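For the single chain, residues carry numbers from 1 onward in sequence order. Being a predicted model, the structure only gives us computed values, none of them experimental.
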Amino acid sequence: MANREPHAVVFPFPTQGHINPLSLLAKRLLNGGINVTFVHTARTFRMLQQRNQIELSRKDSEDPGNYASCKGAKLRMEVLPDEVSTDDASAPVSPSVVLFISSIPLLRVHLQCFLQRLLDEGRPASCIISDTFLPWTQDVANSFNIPRIEFWSSTAMVYSMGFSIPNLLRHGYLPVPSGTDLETTIDIVPGVGPCRHADFFYDLLHDSGASPRFKFFQDAFSRGKESQRVLIHSMQHLEDNVIQALREEGIPVDPIGPLLESFVDGSASSTHEHYTELNSVSLLDEDTSCLEWLNTHPKTSVIYVSFGSNVKIHVEEIQELAFGLEDSQQPFLLVIRPDLLDNKSLSDILPDNFIERNRGRAWVSFWAPQRAILLHPSVGGFLTHCGWNSILESMWTGVPLIGCPRESEQNTNLKCLLDWKCAISIDLKQPKVILKRELVKTAISTLFNEPEGELVRSRMTELKTAARNTIEKGQSRFNLEKLIDDIKKMASGDRPRFLPA
Ligand code: UDP
């Protein structure tokens, strides 16, 4: 292959929690002189357009002048049709895995055609960087004889559990036999050591082995060995054992987290600011007025409460949550996504006169600028569903957590938080259990008023320093630089071997 410009086709799984970190990685690549095509599915692209805050236009290949360009590297958006496109403004932010599965054949064909078009136009992809949840992109990369770099947006621990699915099936641990005591421990997951059945992520615990969802997860973690490397949005110092163990299993894992430098308190470089398309990847309109409301509160007094982009919470639970917040005496900023309203109004689902009773002390948003909120000095705690992005964003800003996992891998993430001693737990053990107001009140009171809360707060400050060190001058920074160098080699047709530090 002739010496071409380095060009990465970056393809996230189309949900908010997966788009966010890959958009941050894309910025790093652009900054390092790599051209990037960022792939959206039609559904997420339409949501971005509907927000109407940014002018996103599909950049035609015939018009290279339309590319965002900085430091010589170009950014382009590509939109692939899917089966779950919707114009419905009240649709969930993220489509379910089952819905997504129906789109895979269509997406595969369109990705194939797109890569062919790039080749025909003389600007071939040097590699595909795609989400672990898009394992079939490995086949597409193989058919063009280019490397696939896998991107995993959560912890090495969860990856190791997913990687172990065949072994867990073989040993009869999965599907979980009925009557299993979830407190019993299992010790076959690389690098994790003995862990409780209950710590296996919910998707594994609660899906039967034959369900399409289970198959989806099984497939997702089956291609790591074939990829050029598996980038993990975690940190070496947090997960050294698991990272080493995965490498010994033949998975070329490199941690590169937290990819959060670009929004840090006003110090974002002008290069980063340039890429409007990647700075505005929020799929819903953000309520920025909550930042002004935060200005009216004392330092570290407000508890921020959000369950991310995907978790389903019943109206009954929202009420319990609201009562618990009210009883806690702390000021609070609560996010309730529009799709949780069940076609009702906010005042219908909150307790009677809740807004009036808590005027001044409470703010409720449909969707909030979370990263900016966590940077605000008034925020003293974050009650979270334990989505991994939310955890990293909190670590980045040193905000201590109350963890209340509900779905996906959130229970496993809570296990990590407790191991790292940076959260108070509201562990409901099972996803279907209803959250109760007393639990909310007690957890908030512990965080703000008890010595245990003080310990969590100071531990989070340590983790903040470590997170900044690793991405600014430590292992994650080194791994990112190595990635950029390797993509440049790939552009000349080389297949650089993965060499862990
Ligand atoms: N988020 C946001 N505003 C909100 C709630 C969430 O911008 O009101 C962002 C948050 O900053 C994070 C992402 O949405 O980057 C949620 O990802 P996470 O992994 O925490 O949870 P998921 O949505 O995948 O369950």
Do Val305 and Leu333 have side chains that get closer than 4.5 Å, going by heavy atoms? no
Can you see which heavy atom on Pro21 is nearest to which on His233, and at what distance? CB-ND1, 3.5 Å
Got Leu25 and Leu480 here, is their nearest side-chain heavy-atom distance under 4.5 Å? yes
Got a donor-acceptor contact below 3.5 angstrom from the Ser211 side chain to the Phe214 backbone? yes
Between Pro338 and Leu284 the two heavy atoms that sit nearest each other are CD-CD1, 4.1 Å
Please check if the side chain of Gln116 supplies one atom and the backbone of Gln112 the other of a donor-acceptor pair under 3.5 Å. no
Charged N-O contact under 4.0 Å between Arg46 and Asp82: no
Hey, does the side chain of Asn35 reach the backbone of Lys74 with a donor-acceptor pair shorter than 3.5 angstrom? yes
Which is it for Phe163 and Ile251 under the side chain to side chain contact (heavy atoms under 4.5 Å, CB included) test, yes or no, and what are the steps along the way? CA-CA 9 Å; Phe163 168 75; Ile251 309 282; 3.6 Å; yes
Before you tell me yes or no, could you show the steps for Asp485 and Lys488 under salt bridge (charged side-chain N to carboxylate O under 4.0 Å, His left out), namely the whole-Å CA-CA distance, both residues' side-chain angles and the distance that decides it to 0.1 Å? CA-CA 5 Å; Asp485 281 352; Lys488 288 179 178 165; 5.3 Å; no
Does any N or O in the side chain of Gln244 come within less than 3.5 Å of the main-chain N or O of Asn241, such that one atom is a donor and the other an acceptor? no
Test: Asp339 and Lys312 ion pair at under 4.0 Å: no
Both conditions, 6.0 Å and 45 degrees, for the charged tip of Arg468 above the ring of Trp396: are they met here? yes
To the closest 0.5 Å, what do you measure between CG (Leu414) and CZ (Phe201)? 16.0 Å
Note, Gln228 side chain near Arg148 side chain (heavy atom, < 4.5 Å): no
So, His7 side chain and Arg123 main chain: donor-acceptor pair closer than 3.5 Å or not? yes
Taking distance alone, no hydrogens or angles, what donor-acceptor pairs closer than 3.5 Å link side-chain atoms of residues 151-158 to residues at least two apart or in another chain?
from: Trp152; atom 1: NE1; to: Thr155; atom 2: O; distance (Å): 2.8
from: Ser153; atom 1: OG; to: His18; atom 2: ND1; distance (Å): 3.4
from: Ser154; atom 1: OG; to: Glu409; atom 2: OE2; distance (Å): 2.9
from: Thr155; atom 1: OG1; to: Val158; atom 2: N; distance (Å): 3.1

Rounded to the nearest 0.5 Å, what's the gap from CG on Asp254 to CZ on Arg229? Could you check? 5.5 Å
Between atom CD1 of Ile186 and atom CG of Asp199, what is the distance when rounded to the nearest 0.5 Å? 9.5 Å
Is there side-chain contact between Met235 and Leu392, with heavy atoms separated by less than 4.5 Å? yes
Could you list the residues that satisfy salt bridge (charged side-chain N to carboxylate O under 4.0 Å, His left out) with Asp219, not counting sequence neighbours? Lys215
Between the side chains of Arg76 and Glu78, is the shortest nitrogen-to-carboxylate-oxygen separation below 4.0 Å, so that they form an ion pair? yes
Is it true that Asn479 and Gln475 share a donor-acceptor pair across their side chains at a distance under 3.5 Å? yes
Test of understanding: with salt bridge (charged side-chain N to carboxylate O under 4.0 Å, His left out), list the residues that count as partners of Asp419, not counting sequence neighbours. Lys415
Determine, stepwise, if the pair Met460 / Leu463 fulfils side chain to side chain contact (heavy atoms under 4.5 Å, CB included). CA-CA 5 Å; Met460 207 41 142; Leu463 292 176; 4.2 Å; yes
For the residue pair Ser289 and Asp287, confirm or rule out a side-chain donor-acceptor distance under 3.5 Å. yes
Tyr304 vs Phe382 aromatic rings, parallel, tilted or perpendicular, using cut-offs 30° and 60°? tilted
Flag side-chain contact, heavy atom, 4.5 Å: Ser234 against Trp388: yes
Which label fits Phe307 and His385: parallel for a plane angle under 30°, tilted from 30 to 60°, or perpendicular past 60°? tilted
Begin with the C-alpha distance, continue with both residues' side-chain angles, and end with the deciding distance and a verdict on ring-ring contact (aromatic ring centres under 6.0 Å, His included) for Phe216 and Phe133. CA-CA 8 Å; Phe216 174 86; Phe133 284 169; 5.3 Å; yes
Any sub-3.5 Å donor-acceptor pair from Thr384's side-chain atoms to Cys386's backbone N or O? yes
Show your reasoning for whether side chain to side chain donor-acceptor pair (under 3.5 Å) applies to Tyr159 and Glu239. CA-CA 11 Å; Tyr159 195 96; Glu239 298 202 277; over 6 Å; no
is_close_aromatic(Phe100, Phe13), centroid dist under 6.0 Å: yes
For the pair Arg337 (side chain) and Val311 (backbone), establish whether a donor and an acceptor sit closer than 3.5 Å, ignoring hydrogens and angles. yes
Rounded to the nearest 0.5 Å, what's the gap from CG on Leu115 to NE2 on His110? Could you check? 13.0 Å
I need the Cys195 SG to Ile188 CD1 distance, nearest 0.5 Å. 9.5 Å
Evaluate Ile391 against Ser394 for side chain to side chain contact (heavy atoms under 4.5 Å, CB included), listing each step before the verdict. CA-CA 5 Å; Ile391 290 170; Ser394 225; 5.7 Å; no
Closest non-hydrogen atom pair, Gly33 against Pro6: O-CG, 3.8 Å
Measure the shortest side-chain to side-chain distance between Val242 and Leu246 over non-hydrogen atoms and say whether it is less than 4.5 angstrom. yes
Quick one: does Leu204's side chain get under 4.5 Å of Val176's, heavy atoms only? no
Kindly give the heavy-atom pair with the smallest separation between Pro252 and Gly250, and that separation in Å. CD-O, 3.5 Å
Quick one: does any side-chain atom of Ser126 pair with a main-chain N or O of Ala8 as donor and acceptor, under 3.5 Å? no
Quick one: are Leu260 and Leu24 in side-chain contact, heavy atoms under 4.5 Å? yes
State, without any angle test, whether Gln236 and Thr470 hold a side-chain donor-acceptor pair at a distance under 3.5 Å. no
Nearest heavy-atom contact between Ile149 and Leu483 is CD1-CD1, 3.7 Å
Leu29 side, atom CG; Phe38 side, atom CZ - distance, nearest 0.5 Å: 10.5 Å
Taking the side chain from Asn389 and the backbone from Gly17, do they hold a donor-acceptor pair closer than 3.5 Å? yes
Can you check whether Met490's main-chain N or O pairs, donor with acceptor, with Arg495's side chain at less than 3.5 Å? no
Over all atoms of both residues, closest heavy-atom pair of Asn411 and Tyr202: OD1-N, 3.3 Å
Looking only at side-chain N and O atoms, does Arg28 offer a donor or acceptor that is under 3.5 Å from a partner on Asn31? no
Stepwise side chain to side chain contact (heavy atoms under 4.5 Å, CB included) check, Asp285 with Trp367: CA-CA 7 Å; Asp285 268 334; Trp367 188 253; over 6 Å; no
